[in-house]
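The chains referred to below are lettered A, B, ... by the order of the sequence lines, with proteins before strands, and numbering in each begins at 1. Small disclaimer: the values here were computed from a predicted structure and weren't measured.
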Amino acid sequence: MRSEPTTVDVVEAARSLLGRHLVGHGVTVRITEVEAYGGHLDPASHAYTRTARSEIMYGPPWRLYVYRSYGIHHCANVVTGPTEQGAAVLVRSGEVVDGHARARARRGGVPETRLARGPGNLAQALGISLADKGTDLLDADAVVRLGAPVVEPPAISTGPRVGVSKAADVPWRLWITGDPTVSAYRRSPRAPAPPR
DNA sequence: TAGGCGATGACCT
DNA sequence: GGTCATCGCCTAC
């Protein structure tokens, strides 16, 4: 299928991130939920229009793209490449596996399953801010980095993406089946009504 | 330079 | 289940 090479790549990358560890400022999470964004071909992606903010998504893969949403929350994305396509994967949720005390201190004593549930909360638990934008996630010395690739892929479910107002019906949200840390699906209030 | 909007989350009813 | 807080970024003028 030559029409959508980017989409296949980024979804495959998203799949490979599930179950993988992500380390941020002394806290380690196991990624349980992600969303794929197809770059300049995807109207829901920040990289759909190429600007100074999204420029980093057009760069080399495995870099961290951080943006602020609603003026409050930070969201962490993994640029998956290939270069010049602007594809990235939003890390939505994770299970804290190390650094609980630090994560809890940042999150303020919420229940265990909510420590890194939702993209804003995950970034907060990991201490990720705009200052971390551009970090090379494969650099073993970086304060934010990815763990080793997953050897045995977990059971994965897919569905429509959360909170996006465009292309909301593309099933590019992926999560580990049955994981309690996966956030609830909520459609964007701005998204058009779903097709029947 | 100003106005509008967003890949959210917490709290209230 | 619904509403609101809050600010950086993009777009239009």
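- Shown are A/D42, A/L90, A/T158, A/V164; of these, the side-chain contact (heavy atoms from CB on, under 4.5 Å) with A/W172 is made only by A/D42.
- Sorted by first then second residue, the salt bridge (charged side-chain N to carboxylate O under 4.0 Å, His left out) pairs that include residues 118-135 of chain A, not counting sequence neighbours, number zero.
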Atom pairs and distances, side-chain donor-acceptor, residues 73-81 of chain A, under 3.5 Å, sequence neighbours left out:
{"residue": "A/N77", "atom": "ND2", "partner": "A/Y65", "partner atom": "O", "Å": "3.3"}
{"residue": "A/T80", "atom": "OG1", "partner": "A/A87", "partner atom": "O", "Å": "3.4"}

- Query: Which is it for A/R114 and A/N121 under the side-chain hydrogen bond (donor to acceptor under 3.5 Å, both in side chains) test, yes or no, and what are the steps along the way?
  - Reply: CA-CA 8 Å; A/R114 291 193 189 178; A/N121 291 335; over 6 Å; no
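- Phosphate contact (OP1/OP2 of B/dG9, side-chain N/O of A/R107, threshold under 4.0 Å): absent.
- Separating the CZ atom of A/R161 from the P atom of B/dA7 is a distance of 10 Å, rounded to the nearest angstrom.
- Of the inter-residue distances, the one linking A/M57 atom CE with A/Y37 atom OH reads 9.5 Å to the nearest 0.5 angstrom.
- The residue A/R114 sits apart from the nucleic acid: no heavy atom pair falls under 4.0 Å.
- Secondary structure note: stems in DNA chain B built from 3 or more consecutive Watson-Crick or G-U wobble pairs under 3.5 Å occupy B:1-6 with C:7-12, B:8-12 with C:1-5.
- No more than 12 heavy atoms of other residues, nucleotides or ligands lie within 6.0 Å of CZ in A/R102, so this atom counts as exposed by the packing criterion.
- A/R30 is linked by a salt bridge (Lys or Arg N to Asp or Glu O under 4.0 Å) to A/E95, A/D179, counting only residues two or more places apart in sequence or in another chain.
- The side chain of A/S69 contributes no N or O atom lying less than 4.0 Å from OP1 or OP2 of C/dG8.
- B/dT8 atom C1' lies 11 Å from atom CG of A/L90, rounded to whole Å.
- The nucleotide whose nearest atom lies closest to any side-chain atom of A/Y67 is, among B/dG6, B/dA7, C/dG8, B/dA7.
- For A/L122 and B/dA7, the CG to C1' distance is 14 Å, given to the nearest whole Å.
- Atom CZ of A/R92 is separated from atom CD of A/E35 by 4.5 Å, given to the nearest 0.5 angstrom.
- Residues satisfying the side-chain hydrogen bond (donor to acceptor under 3.5 Å, both in side chains) criterion with A/S157, sequence neighbours excluded, are A/T177.
- For DNA chain B, the neighbouring residues in residues 45-62 of chain A, judged by any heavy atom under 4.0 Å, are A/H46, A/M57.
- The CG atom of A/N121 sits 11 Å away from the P atom of B/dC11 (whole-angstrom rounding).
- We find that CZ of A/R68 is positioned 14 Å from P of B/dG9, with the value rounded to whole Å.
- Position along DNA chain C of the nearest nucleotide to A/H73 versus A/L130 favours A/H73 as the more 5'-ward residue.
- As rounded to whole Å, 10 Å separates atom P of B/dG9 from atom CZ of A/R117.
- Aromatic stacking of A/Y70 on B/dG9: not satisfied for centres closer than 5.5 Å together with planes under 30 degrees.
- Counting to the nearest Å, the P atom of C/dC10 and the NZ atom of A/K166 are 13 Å from each other.
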